[in-house]
Amino acid sequence: HDMDLSSFRDPKLARELIDRIHRLVGNRRINLMEVCGTHTVSIGRYGFRSIMPEGLRLLSGPGCPVCVTANRDIDHAIALARTEGIMVATFGDMMRVPGSTSSLAAEKSAGRDVRIVYSPLDALELATELPDRNVIFMGVGFETTTPAIAACVLEAASRGIENFSVFCVHKTTPPALRAIANDPETTIDGFILPGHVCTITGLAPFQFIAREFNIPGVVTGFEPVDILTGIDRLVEMIISGTPAVENAYPRSVRDAGNPVARSIAEKVFEPCSATWRGLGEIAHSGLCIREDYARYDARRRFAVEVEPTREPHGCRCGDVLRGVIAPTQCPLFGRACTPEHPVGPCMVSSEGSCAAYFRYR
Ligand code: SF4
């Protein structure tokens, strides 16, 4: 799209929306959650948390894929990287996340074959260039990234590339929102729904938050006016008691999403149970590789022993991801835990809540 974004950055429009939100909220206490890590970063960059009305809190959710990856899965990737003949390829953020006793970056320094790639296709190319290595792509991410990984598996199958596989820790967003809506420790009055994820999923999988939980949700973009419009609509629906799931990002998101991308993903993946940092195990919240493509599934192909799981001492990342505490409420925030020396994944990833709060504090 060749679209003029200036109106979504218009300071005058932004000011008007901020004033309106202040008038609407008054003395009320309202908790909104931004589900997506990119929203967390945008909200931090524009300083929205500090200019909202006193009673309106913007809590960060489970939308950073690296952050919600369970320690067990990181340890599993490390065990794979320690295996003779295997190369593990993954995104840069994933490398630095501490597992129970190591990280992929530490394994790389220790001489294991671990590489940073920018797309799964890079990993597939490595597999074709190095036929005597087993190249494993560690696939993390939500609905936005899965179609590309699926396409890559299909490509490997059609080209008959046998030394490529995926260690799949993909997750889907709606079951996590259900877990948060059911969580007695946190009260969310409205969800800022993930703009990128919804370009693929459309609105249908999120309708349950309004129907079953009476919580409104608005799909928003990432520019200042987008986010403020979303907040404004949520506040309106909360106050009037008319919860619905709405699309305030129609320039990118169609209500029906992208059925072509979904069908590619569905060819390769099927829902399975997954463990999330902070949220625990959630049924049908993960994606596993279907039986038909089992030879591209690193979990099935390589049996490795995974070390006992140990969570980073004192890290409250799990509570941050559920919206129970803000990053600044973690005793280690900015002291023992900084982007230079991260204790938990929420400080490692550029989309992590702790890193975003630290950068824009
Ligand atoms: Fe974990 Fe660091 Fe965030 Fe605290 S500040 S929750 S230790 S990542």
Side-chain angles (χ1 to χ4, degrees), residues 31-45 47-50 57-78 90-107 138 140-142 169 171 176 179-180 183-188 192 194 274-282 307-361:
N31 291 337
L32 303 183
M33 174 177 274
E34 84 270 3
V35 175
C36 167
T38 314
H39 277 143
T40 301
V41 172
S42 289
I43 287 168
R45 176 180 307 136
F48 286 161
R49 274 180 236 284
S50 55
R57 288 202 302 161
L58 297 173
L59 300 161
S60 307
C64 156
V66 167
C67 304
V68 295
T69 300
N71 253 23
R72 181 88 190 154
D73 289 328
I74 295 163
D75 292 342
H76 192 148
I78 289 168
T90 192
F91 301 132
D93 278 356
M94 202 64 233
M95 298 269 297
R96 296 174 54 225
V97 177
S100 294
T101 58
S102 182
S103 68
L104 287 169
E107 294 301 314
M138 184 180 187
V140 287
F142 299 113
V169 289
K171 295 179 176 60
I180 287 168
D183 190 335
E185 280 189 78
T186 180
T187 309
I188 304 299
I192 298 172
T275 304
W276 298 57
R277 187 183 300 271
L279 301 174
E281 191 177 338
I282 307 176
E307 64 189 295
T309 309
R310 221 173 53 190
E311 296 300 330
H313 190 67
C315 175
R316 304 277 310 271
C317 212
D319 291 333
V320 170
L321 295 165
R322 291 156 61 214
V324 173
I325 64 163
T328 44
Q329 288 170 276
C330 169
L332 306 188
F333 179 86
R335 298 189 180 90
C337 183
T338 61
E340 293 289 296
H341 300 282
V343 174
C346 296
M347 191 61 96
V348 174
S349 171
S350 53
E351 295 215 325
S353 305
C354 298
Y357 274 67
F358 187 86
R359 200 174 332 142
Y360 302 112
R361 72 192 182 285

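All ligand and atom numbering here is 1-based and tracks the order in the structure. This one's a predicted model, so the numbers in the text were calculated from it and none came from an experiment.
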Just checking: C315, one of its N/O/S atoms, less than 2.8 Å away from atom 1 (Fe) of ligand 1, yes or no? yes
Looking only at non-hydrogen atoms, find the nearest pair between P308 and D75 and report the distance. O-OD2, 4.4 Å
Considering the heavy atoms of G344, write down every atom of ligand 1 situated less than 4.0 Å from one of them. 8 (S)
Take I188 and L32 through the side chain to side chain contact (heavy atoms under 4.5 Å, CB included) test and state the conclusion after the steps. CA-CA 6 Å; I188 304 299; L32 303 183; over 6 Å; no
Check the side chains of R277 and N71 for a donor-acceptor pair under 3.5 angstrom, ignoring hydrogens and angles. yes
Donor-acceptor contact present, side-chain N31 to main-chain T187, <3.5 Å: yes
Using a 4.0 Å cutoff against the non-hydrogen atoms of M347, which atoms of ligand 1 qualify? 8 (S)
Between Y360 and R49, a side-chain donor and acceptor under 3.5 Å: no
Does C317 have a non-hydrogen atom less than 4.0 Å from ligand 1? yes
Can you say whether the rings of F358 and F333 are parallel (under 30°), tilted (30 to 60°) or perpendicular (over 60°)? perpendicular
Under a 4.0 angstrom heavy-atom cut-off, which atoms of ligand 1 come close to C354? 3 (Fe), 5 (S), 6 (S), 8 (S)
Can you list the ligand 1 atoms lying under 4.0 Å from a non-hydrogen atom of C330? 4 (Fe), 5 (S), 6 (S), 7 (S)
Closest to atom 2 (Fe) of ligand 1 among protein heavy atoms sits C337 SG, 2.3 Å
